[in-house]
Amino acid sequence: METGATIDRLEVDANGMTFSARAAGPLDGRPVLLLHGFPQTSWCWRGLLGALAGAGYRAIAPDQRGYSPGARPLNVDDYTMAELLSDVSALAAVFEMSRFDVIGHDWGGMVAWQVASRQPEVVRSLTVLSTPHPLALQHSLLGGDPVQAARAGVMDAFRQPEMPEHQLLGVDGSGSGLRSLLLKSGLAPSDAEVYVEAMRGEGAMTAALNWYRAMGRSDLFELSPVTVPTLYVWSTGDNALRRPAAEATAECVRAPYQFEILDKVSHWIPETAPRRLADLVLAHLART
């Protein structure tokens with residue numbers, strides 16, 4: 001999606017590391033923080049960044065921990081949810097965002113749910129794409145949806161040492177396995193190549209997979225319902241996250257809540273449905 005807005009590339013020192021980021025919109029605009037998932041980068045938000053900027057918001061999308069070359073610690077324990085949340089707090093402090101709207105997709109959606117649940121005082125509104133509330137996902141994984149529980153095997157595979165790197169990068173390091181996975185799941189070749197190239201960087205794939213390896217029980221089991229205005233967008237073509245957990249998410253929000261379903265859209269909502277997403281997000285922000 002092409003937009004007329006200028007999207008700036010930034011290097012941001014925060015939490016003892018250097019994060020690359022994309023940003024757009026007036027410096028004094030209402031701040032919006034956008035968090036990408038696996039194996040995306042801030043590239044996924046380029047359409048929404050332009051739409052937000054055009055509406056007067058200051059939109060900032062960092063390449064998160066492990067995805068920024070300057071923010072790529074080596075140990076699995078460096079990727080716990082506590083560390084990911086500390087990055088959000090540090091970035092918010094650097095950009096002087098005492099209160100902000102947060103938008104997340106996939107793993108970024110998981111972080112966004114956590115921020116809104118654990119630090120509601122700093123979140124003006126929440127928008128999550130694809131990822132159900134962790135409590136709803138927990139119910140599905142524990143038997144509420146046997147098909148979803150079976151699909152969790154992919155996450156378990158990503159948690160194994162070394163093997164997923166070899167499978168996704170291929171014997172020649174070209175990223176053949178990742179490319180195939182992205183294309184089969186509905187991502188356009190042009191976007192897939194951006195992410196494959198990023199994951200071929202030194203240590204990048206291991207860092208991204210360490211998000212899975214560091215995931216603890218508390219990330220799913222020890223979380224309160226969200227108490228900030230929430231927009232949750234799920235798509236019928238998502239081959240990773242199923243409808244039962246998506247629908248059950250309503251029970252995990254104790255605030256104004258909107259659930260939107262995009263028909264025949266894949267898991268990759270920011271890349272494949274940017275205009276429809278922008279309409280939903282701008283209306284949600286206007287209400288809050």
Go through the structure and list residues passing ring pair (Phe, Tyr, Trp, His ring centres under 6.0 Å) with [X], not counting sequence neighbours.
X	value
Phe19	none
Phe38	Phe158, Tyr212
Trp45	none
Phe259	Tyr232

Distance-only polar pair, side chains of [X] and [Y], donor-acceptor under 3.5 Å:
X	Y	result
His105	Gln40	yes
Ser130	Asp106	no
Thr18	Glu11	no
Ser86	Asn15	yes
Glu260	Gln258	yes

When you look at CD of Glu121, are more than 12 heavy atoms from neighbouring residues, nucleotides or ligands closer to it than 6.0 Å? yes

Discussion item. Whether Arg46 engages the ring of Trp43 as a cation-pi pair (distance to the six-membered ring centre under 6.0 angstrom, angle to the ring normal within 45°) should be assessed.
Written reply: yes

side-chain hydrogen bond (donor to acceptor under 3.5 Å, both in side chains) pairs touching residues 47-57, sequence neighbours excluded, are none

side-chain hydrogen bond (donor to acceptor under 3.5 Å, both in side chains) pairs touching residues 244-256, sequence neighbours excluded, are Arg243-Glu247

Got a salt bridge between [X] and [Y], using NZ or NE/NH1/NH2 to carboxylate O under 4.0 Å?
X	Y	result
Arg9	Asp63	yes
Asp8	Arg22	no
Arg276	Asp263	no

Start with the C-alpha distance between Leu126 and Leu231, add both sets of side-chain angles, then the distance that settles side chain to side chain contact (heavy atoms under 4.5 Å, CB included), and finish with yes or no. CA-CA 6 Å; Leu126 171 67; Leu231 167 66; over 6 Å; no

Mind running side chain to side chain donor-acceptor pair (under 3.5 Å) on Ser224 and Ser117 for me, showing each step along the way? CA-CA 6 Å; Ser224 302; Ser117 177; 4.6 Å; no

- Could you go through the side chain to side chain contact (heavy atoms under 4.5 Å, CB included) check for Leu35 and Trp107 one step at a time? CA-CA 8 Å; Leu35 305 173; Trp107 258 110; over 6 Å; no

To the nearest 0.5 Å, atom CG of Leu262 lies from atom CG of Leu280 at 6.5 Å

> Hey, what's the ring geometry for Tyr195 with Trp268, parallel, tilted or perpendicular (30° and 60° as the breaks)?
Replying inline: tilted

Paired with Val196, the side-chain contact (heavy atoms from CB on, under 4.5 Å) test is passed by just one of Leu181, Leu178, Asp191, namely Leu178

